[in-house]
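Reviewing the structure listed below.
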Amino acid sequence: MAERSLDSIVVLTGAGISTESGVPTFRGEDGLWRQYRAQELATPGAFHRNPTLVWEWYDWRRGLIAGCEPNAAHHTLAEMDRYCQDFVLITQNVDDLHQRAGSRRVVQLHGNIWQVRCVAESTAFENHDVPLPQIPPTCSCGALLRPHVVWFGESLDPDMLTTAYQAVEGCQLMLVVGTSAVVQPAASVPVMAKDRGAYLIEVNVERTPLSPWADEVILGPAAEELPKLWARLKEAM
Ligand code: BV8
């Protein structure tokens with residue numbers, strides 16, 4: 001890595017970066033809520049069929065996330081954001097822990113669990129009620145509110161996707177942390193970066209479908225490995 005100057009870094013994170021903060025992952029054994037798989041509940045169909053059930057799940061997650069703190073991996077990425085000239089953090093997580101750690105240049109590809117949207121007016125706004133006083137919550141117009149997140153089968157915000165794709169153009173280092181790299185289109189971002197000449201480093205407790213593309217696969221918990229990796233990278237800068 002030594003030969004490259006490092007002033008353009010893009011990072012993609014997934015649920016694994018928040019595991020050590022106590023936030024359950026999606027696919028790990030802790031990804032289950034009651035008997036439901038997260039992927040079953042995070043769909044427009046599930047909400048249409050049973051908005052109360054889906055909101056009980058989000059209320060549970062909001063309550064859990066409200067009690068969590070960013071960990072050393074989140075804080076390391078916030079330091080990289082302050083240190084690096086051209087830095088973009090693309091996250092699949094809706095837990096807001098990157099922002100709470102001080103990260104500024106964040107693309108929340110799949111939305112934010114602390115934002116809600118009126119299903120009639122499509123207006124989105126912050127809501128930090130824990131627990132929610134009423135389930136399902138409703139808008140002042142009387143219509144249902146839904147979590148302002150991207151569900152499976154729903155398209156991502158095109159501006160956010162464009163920002164992510166533009167970020168990988170010419171980035172020197174693509175860092176991927178704590179994702180199983182199966183959910184599209186997020187999982188294709190690091191492959192695009194690699195195809196465009198970026199040095200690809202993956203940090204995960206296990207190998208993923210992305211590992212064959214990586215120049216380095218660092219197997220270990222993100223909160224332990226990321227501070228060490230950043231110290232090594234800073235030496236090379
Ligand atoms: C779309 C928000 C157009 C909600 C989320 C067939 C083939 C390809 C694609 C598709 C297909 N069929 C359907 C699709 C499209 C689908 C998709 O990709 N499905 C997958 C499952 C195959 N994608 C979509 O629907 C997207 N929209 O494509 O629109 C379209 C529409 C219809 C049909 C075609 C196209 C929308 C996707 C976004 C969905 N919303 N979240 C909410 O959070 O409530 S996705 C959600 O799940 C998360 O945001 C995240 O993206 C994903 C979970 O993945 P990870 O974050 O990686 O977490 P996971 O638990 O899987 O893994 C954790 C990892 O961490 C593991 O690797 C583990 O080893 C590691 N780890 C654990 N502990 C640690 C650690 N690593 C380091 N340190 C540790 N301590």
Side-chain angles (χ1 to χ4, degrees), residues 11-33 36-47 51 53-65 68 70-77 89-98 106-117 124 146-158 160-161 164 175-191 201-211 214 216-229:
V11 183
L12 175 71
T13 63
I17 199 170
S18 297
T19 304
E20 292 150 277
S21 295
V23 181
T25 61
F26 255 68
R27 280 184 168 68
E29 61 283 349
D30 60 358
L32 272 182
W33 177 74
Y36 299 97
R37 276 184 321 110
Q39 215 173 304
E40 286 167 85
L41 293 167
T43 66
F47 187 74
L53 176 70
V54 170
W55 265 117
E56 283 168 351
W57 179 50
Y58 278 95
D59 193 41
W60 171 76
R61 290 172 69 190
R62 288 159 53 106
L64 196 150
I65 292 167
C68 296
N71 62 54
H74 297 105
H75 289 297
T76 299
L77 294 178
L89 169 52
I90 302 164
T91 188
Q92 299 168 81
N93 302 342
V94 297
D95 59 27
D96 212 38
L97 292 180
H98 285 303
V106 182
V107 179
Q108 290 188 288
L109 273 184
H110 296 162
N112 186 318
I113 204 163
W114 300 114
Q115 293 176 354
V116 297
R117 184 167 87 231
R146 59 160 283 172
H148 188 45
V149 298
V150 181
W151 282 328
F152 287 97
E154 293 184 324
S155 303
L156 278 59
D157 174 322
M160 287 204 194
L161 215 41
L175 185 52
V176 180
V177 185
T179 183
S180 56
V182 292
V183 172
Q184 296 296 348
S188 55
V189 170
V191 177
I201 300 179
E202 180 184 42
V203 178
N204 196 305
V205 290
E206 63 187 22
R207 293 181 66 81
T208 74
L210 187 67
S211 304
E216 288 182 45
V217 176
I218 299 174
L219 291 178
E224 287 172 29
E225 296 302 332
L226 223 48
K228 290 190 286 186
L229 172 62

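Just so you know, these numbers use all the heavy atoms, side chains as well, and skip hydrogens, waters and symmetry mates. We count ligands from 1, going down the list as the structure has it; atoms in each ligand are counted the same way. Note that the structure is predicted; figures quoted are calculated from it, not measured.
- At least one N/O-N/O distance between G178 and ligand 1 falls below 3.5 Å.
- Under a 4.0 angstrom heavy-atom cut-off, G153 registers as being in contact with ligand 1.
- With hydrogens and angles disregarded, a donor-acceptor distance shorter than 3.5 Å links the side chain of T76 to the backbone of A72.
- Of all non-hydrogen atoms in H74 and I17, the two that sit nearest each other are CE1-O, 3.4 Å.
- For ligand 1 and A15, the ligand atoms under 4.0 Å from any heavy atom of the residue are 55 (P), 56 (O), 58 (O).
- Proximity of A186 to ligand 1 is not established, as no heavy-atom distance is less than 4.0 Å.
- Among the atoms of L156, none of the N or O lies under 3.5 angstrom from an N or O of ligand 1.
- Scored by the salt bridge (charged side-chain N to carboxylate O under 4.0 Å, His left out) test, E20 finds no partners at all (sequence neighbours excluded).
- Residue S180 holds the heavy atom nearest to atom 62 (O) of ligand 1 of all those in P221, S180, A187.
- Residue Y58 approaches ligand 1 through these ligand atoms, each under 4.0 Å from one of its heavy atoms: 4 (C), 42 (C), 44 (O).
- Close approach to T25 involves these atoms of ligand 1, each under 4.0 Å from a residue heavy atom: 60 (O).
- With hydrogens and angles left out, the side-chain atoms of S211 and E202 include a donor and acceptor closer than 3.5 Å.
- Comparing Q92, R61, E225 by heavy-atom distance to atom 48 (C) of ligand 1, the nearest is Q92.
- When heavy-atom distances to ligand 1 are checked against a 4.0 Å cut-off, V94 comes that close only through its side chain, counted from C-beta outward.
- Residues satisfying the side-chain hydrogen bond (donor to acceptor under 3.5 Å, both in side chains) test with D95, not counting sequence neighbours, are S18.
- Scanning Q108, H110, Q184 for the heavy atom closest to atom 8 (C) of ligand 1 points to Q184.
- Considering backbone and side-chain N/O atoms, V203 never comes within less than 3.5 Å of an N/O atom of ligand 1.
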Output, in order, the C-alpha distance, side-chain angles, deciding distance and verdict of side chain to side chain contact (heavy atoms under 4.5 Å, CB included) for V116 and H148.
CA-CA 5 Å; V116 297; H148 188 45; 5.6 Å; no
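- Side-chain atoms of T208 and S180 include no donor-acceptor pair closer than 3.5 Å.
- Looking at N93 next to ligand 1, no N or O pair under 3.5 Å apart turns up.
- The atoms of ligand 1 that sit less than 4.0 Å from any heavy atom of G14 are 56 (O).
- A cation-pi contact links R146 to W151, judged by a cut-off of 6.0 Å to the six-membered ring centre and 45° from its axis.
- Geometrically, R62 does not engage W60 in a cation-pi contact defined by less than 6.0 Å to the ring centre and at most 45° from the axis.
- Nearest heavy atoms, A15 versus N93: N-OD1, 3.0 Å.
- Nearest approach of Y58 to A42, heavy atoms of both residues: OH-CB, 4.0 Å.
- Taking only nitrogen or oxygen atoms, main chain and side chain alike, A181 does not reach within less than 3.5 Å of ligand 1.
- An N or O contact shorter than 3.5 Å is missing between T208 and ligand 1 by distance.
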Please test T13 against I90 for side chain to side chain contact (heavy atoms under 4.5 Å, CB included), starting from the C-alpha separation and ending with a verdict.
CA-CA 6 Å; T13 63; I90 302 164; over 6 Å; no
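- Which parts of ligand 1 touch E20 is read off a 4.0 Å heavy-atom cut-off, strictly below it: atoms 78 (N), 79 (C), 80 (N).
- Closest heavy-atom approach to atom 29 (O) of ligand 1 among the candidates E206, E202, E154, R207: E154.
- Taking every heavy atom of W151 and a limit of under 4.0 angstrom, the matching atoms of ligand 1 come to 36 (C), 39 (C).
- Looking at every heavy atom in both residues, L12 comes nearest to A186 through CD2-O, 3.7 Å.
- Of all the listed residues (I218, V182, V183, L12), V182 holds the heavy atom that lies closest to atom 22 (C) of ligand 1.
- Where the criterion is an N or O separation shorter than 3.5 Å, residue side chain and backbone included, T19 meets it with respect to ligand 1.
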